[in-house]
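Scroll down for the structure; my scribbles are underneath it.
By convention in this document, chain letters (A, B, ...) are assigned in the order of the sequence lines, proteins followed by strands, and residues within each chain are numbered from 1. The basis for the numbers below is simple: all heavy atoms, side chains too, and nothing from hydrogens, waters or symmetry mates.
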Number of protein chains: 2
Amino acid sequence: MRSHMCGEINEQHLDQQIELCGWCHRRRDHGGVIFVDLRDRDGLVQVVFDPDQAEAFRLAETVRSEFVLRVVGKVRMRPAGTENAGLPTGAIEVFATEIEILNKAETPPFPVENDSEVNEETRLRYRYIDLRRPVMQQRMRLRRDVTRFLRNFLDDSGFYEIETPFLTKATPEGARDYLVPSRTHENSFFALPQSPQLYKQLLMISGMDRYYQVVRCFRDEDLRADRQPEFTQLDIETSFQDENQIMGLMERMIRELFANILHVKLPDPFPRMNYAEAMRRFASDKPDLRIPLELVDIADLLADVEFKVFAGPANDPDGRIAALRVPGGCELSRKEIDELTNFVAIYGAKGLAYIKVNDLDAGLTGLQSPILKFIPEPAITAILARTGAHTGDLLFFGADKSSVVNESLGALRIKLGHDRGLVHEGWQPLWVTDFPMFERDEKNNRWSALHHPFTAPNCSQEELVAAPGKALSRAYDMVLNGTEIGGGSIRIHRTDMQSAVFELLGISGEEAQQKFGFLLNALKYGCPPHGGLAFGLDRLVMLMAGAASIRDVMAFPKTQSAACPLVDAPAPVTDAQLRELGIRLRKPPVAETAS
Amino acid sequence: MRSHMCGEINEQHLDQQIELCGWCHRRRDHGGVIFVDLRDRDGLVQVVFDPDQAEAFRLAETVRSEFVLRVVGKVRMRPAGTENAGLPTGAIEVFATEIEILNKAETPPFPVENDSEVNEETRLRYRYIDLRRPVMQQRMRLRRDVTRFLRNFLDDSGFYEIETPFLTKATPEGARDYLVPSRTHENSFFALPQSPQLYKQLLMISGMDRYYQVVRCFRDEDLRADRQPEFTQLDIETSFQDENQIMGLMERMIRELFANILHVKLPDPFPRMNYAEAMRRFASDKPDLRIPLELVDIADLLADVEFKVFAGPANDPDGRIAALRVPGGCELSRKEIDELTNFVAIYGAKGLAYIKVNDLDAGLTGLQSPILKFIPEPAITAILARTGAHTGDLLFFGADKSSVVNESLGALRIKLGHDRGLVHEGWQPLWVTDFPMFERDEKNNRWSALHHPFTAPNCSQEELVAAPGKALSRAYDMVLNGTEIGGGSIRIHRTDMQSAVFELLGISGEEAQQKFGFLLNALKYGCPPHGGLAFGLDRLVMLMAGAASIRDVMAFPKTQSAACPLVDAPAPVTDAQLRELGIRLRKPPVAETAS
């Protein structure tokens, strides 16, 4: 039906007879001639209908936006002065001799333009129109290019893509599972996988050596921020490699990906930072290194002050006092500081103390702050020195439980970076390593796994059990521009260690057997040392596309309320279907007959 | 941890110091020396431990089957006469200087050998042992190779891999859906897709032009034969191509696949046969052309006989009388013929008439048959002539409703082909085309779609509505050795035609709108002509692997009762989980507290 794609036509096709198929992007009638911009996946080309070609002209007159057309014509140069340098095909046009209307179209609900201002609900309801926008086509192509590159890299590195089941058992990632009632097994349910974690470990136990999968994962979470009920993971696992080998291979993959797709050179090697340092300097386990602001600990300087706001956290083993220096921050108004105080309050901070350094050389009189009177001058001098304050800078302070200081100053750091235009251009990848094995779940008075319960500690079983709170794990996260794009670990490969970790997590004998018996069993039959990693593909592509949301790099995403306005899912089902599955609704709609 | 894979070591590595990781496949102590066959994904190599290497020897003495080992050693030739020609590494051995036991192993529930005789339940429960068997490793590798080849072919042909949702709306393939209760939308359910059919059509409407996806599909069917609740499809759709272009591209893909992976040359082009001919000659819409047996229609010769068994079907427009000539079939005993009679009874045949042609030249006396007396001699002569009977042949007859004759003689043809060793070696691909649009659903007194309701007819809307039973579709199936490996069609791309088909199928106004409103709507906004195809990847790989079941080419299949004995899914869930989902069990287990 066609000889070429619209977007590929250029001067090389001059005087050739060509056939094109596509959509009428725009029709203009000008000087007795009809111009149709014909659009397909690869671009736009201008088609000209002249009254001399009577039959074609007559049909072209009936063409409206988004009609599907087949055009036969000859390529010619555009008249001098009418070229469009902004278009790859802008030097030429197609002089049409034939046109076939393959399908008509009603006026679309919004124009097929990159800058269409449409609310997201409408975009999703008419996703087939939205996806015609060139920017969406480019994003789908980028996603395809990225996926293809990653697959090829892994294929070439000896990884086997192996498919794991979707109808499986509740997984232990901690989020809520999507459940699937079984029709054939009474009162039993499958769970959709939150990740193929245990299957990939079983594949290592199976001797598959190197595995990967581009795989859908499911989490029935409340969709805060930019989450989706189903998302795609590049899931990877390998045997007989340690964390350095795995990190090395993975960062090479990402480096080559960026070089090939975005023509960007990422650092070789990626910087590595342990969790403790990341928290200390950036109050985040996924620091955005493009923002040149850092926290400085000052609790030791304030241990003896009387001011309780500082004295409390300074003498609390779980407390933290940190300063964040904002270069040129003196220019922040009282109102702006109040707004920032409200901002950190979201993260639990009870206030936001500050010092403006109006004139560093003027001693105390050069400083402006509501808290000056509470702090002895030597401490102030030491703080100024340690933070490296300059005239014109402002220092913000956080003093509270460590978790509150980290969350509030970590968020403040990012906000100030963006608000004040401090974010460096470019890409800043980073490995974060040496995570704690456990964090204290105070509410339930037990340990919980920072990664997941299959992560290996970097100490012996005896050391782990003796001081779980001190143990670090062999986990590693890949962070890019402040977003965690991948995370993984060396896994536990011995039954005794795995049982010990379960026990520390409060998963004891029978429960461990019921939930993870198959894993504990499998570990007994010759499990190789192994580890791996999973990348969030949606997020990676989103970053590479410069898109604002993962929804923009998925063909058919769900709304924030986990629904699809396009096909109208989820939807009611018949009572007969429920009966077959052995379930009933708790609150059947009133109109429904009782079952 | 290793310098090489076990399977790759050969004479080229002579005298090299190498490091290997793997499993102890077998340990033998012979002549004061310990031999360990070390196994990894790529093969086996013989490692020798000599008492001179005291430390290594001492550890090697503790090694048992399936222990995970790391070995350092030097490659040397095996002593003359001890080579193993059956093994790629059989000329050499590794003289070990170091051994590290990376993990111990209990005695596996069955030996890791290709010929282990284990029941399938045990194989699935210990799948991680089963998958270590070399034949299973080869199958997983074949599957990876096939998938990779197909992806690359489609990538290179301009197809974009695009992911479609798994949490979606009930699809119209006709099988039972797996349902997923929504937590956030009261009394609503997602359905897992039986195929991405409508999404791929929406992608065509989105201007994506060429799409493919290796995608999981779900059908909650009773698992007769060799079905699985979840299976993998290679799903393909393209715009602006007709059936000949699509079939041409697809058969080229399969031809190149077989050439590359199996080094087999498939015919170019694939033979094509329309549905009517396939049914007439082979009583099947997926004929196995390796079997050189064909049906011959003889109803016209029997229209006037008095014998009701023949006269009835001969004069019934829905009836059929066909003969199946079995070369050399005279040797079939009375007992064997009785068994075949029982066999066709499974398919509804009320009997199995036959004629043995003991001596073609002897007239009626050369024939042996219980039905001779009911058929006039001229008819017998004509039947012998038309079937091309030779001395020694046997003719089987089917006379009944067409559907019964086709099912029974179609099955008999295949059985005889296999039982009598008539199946030709090799690969016999075939396109079957020109399927009827509809078949009569007598029970519900309406039409049902032979393919699916989105398949385009090869006639006008007026012709379709005037005679739905006569209309043929633009569908095509790819058949290989009697198995349908792929099927597809040109789709309907106009709203009016789609509405007309829905109406013929009894899906009227509101129901059509509720079920398929989004499609009918989308067709209005400029839908290109499009079509596609889906391959059953599991089945294709199974055929290529020479495996007996699709379960043998899936890493973690379900049992025939749709359960996974490995992770023990499906499983009961807590009442709290059900409550969150707004559902309850119809028959809660007695021990459970009422909710």
Between Phe218(A) and Phe166(B), what is the ring plane arrangement, given parallel below 30°, perpendicular above 60°, and tilted in between?
-> tilted
Does Gln577(B) reach the side chain of Phe189(A), with side-chain heavy atoms less than 4.5 Å apart?
-> no
Would you name the heavy atoms of Phe556(B) and Leu202(A) that are closest together and state the gap between them?
-> CZ-CB, 4.1 Å
Pick from Asp40(B), Ile162(B), Thr232(B), Leu581(B) with the largest number of heavy-atom pairs that fall under 4.5 Å of chain A = Thr232(B)
Is any side-chain heavy atom of Glu230(B) closer than 4.5 Å to a side-chain heavy atom of Pro165(A)?
-> yes
Answer yes or no for Arg132(A) and Tyr525(B): cation-pi contact, defined as NZ/CZ to six-membered ring centre under 6.0 Å and angle to ring axis within 45°.
-> no
When every non-hydrogen atom of Gly526(B) is compared with those of Trp23(A), the smallest separation belongs to O-NE1, 2.9 Å
Do you know which two heavy atoms are closest between Tyr199(B) and Cys564(A), and how far apart they sit?
-> OH-SG, 4.4 Å
Would you say Pro528(A) and Val68(B) make side-chain contact, with heavy atoms under 4.5 Å?
-> yes
Using a 4.5 Å cut-off on heavy atoms from C-beta on, say whether the side chain of Met554(A) contacts that of Glu163(B).
-> no
Which bit of Lys587(B) comes within less than 4.5 Å of chain A, counting heavy atoms only: side chain, backbone, both or neither?
-> both
Any Thr184(A) side-chain heavy atom under 4.5 Å of Ser561(B) side chain | no
Taking all atoms of both residues into account, what is the closest heavy-atom pair of Asp155(A) and Arg144(B), and its distance?
-> O-NH2, 3.6 Å
SB check Asp575(B) Arg586(A) (cutoff 4.0 Å) | yes
Which atoms of Arg151(B) approach chain A - backbone, side chain, both or neither, heavy atom under 4.5 Å | side chain
When the 4.5 angstrom heavy-atom criterion is applied to Leu167(B) and chain A, the contacting part is both
Where on Arg176(B) is there a heavy atom nearer than 4.5 Å to chain A: the side chain, the backbone, both, or neither?
-> side chain
Hey, which of Leu102(B), Leu69(B), Thr164(B), Asn187(B) has the most heavy atom pairs under 4.5 Å with chain A?
-> Asn187(B)
Contacting moiety of Gln228(A), where chain B heavy atoms sit under 4.5 Å | neither
Quick one: are Phe190(A) and Lys558(B) in side-chain contact, heavy atoms under 4.5 Å?
-> yes
If you measure from the Lys or Arg side-chain nitrogens to the Asp or Glu carboxylate oxygens, is any gap between Asp222(B) and Arg183(A) under 4.0 Å?
-> yes
Between Asp209(B) and Arg2(A), is the closest basic N to carboxylate O distance under 4.0 Å?
-> yes
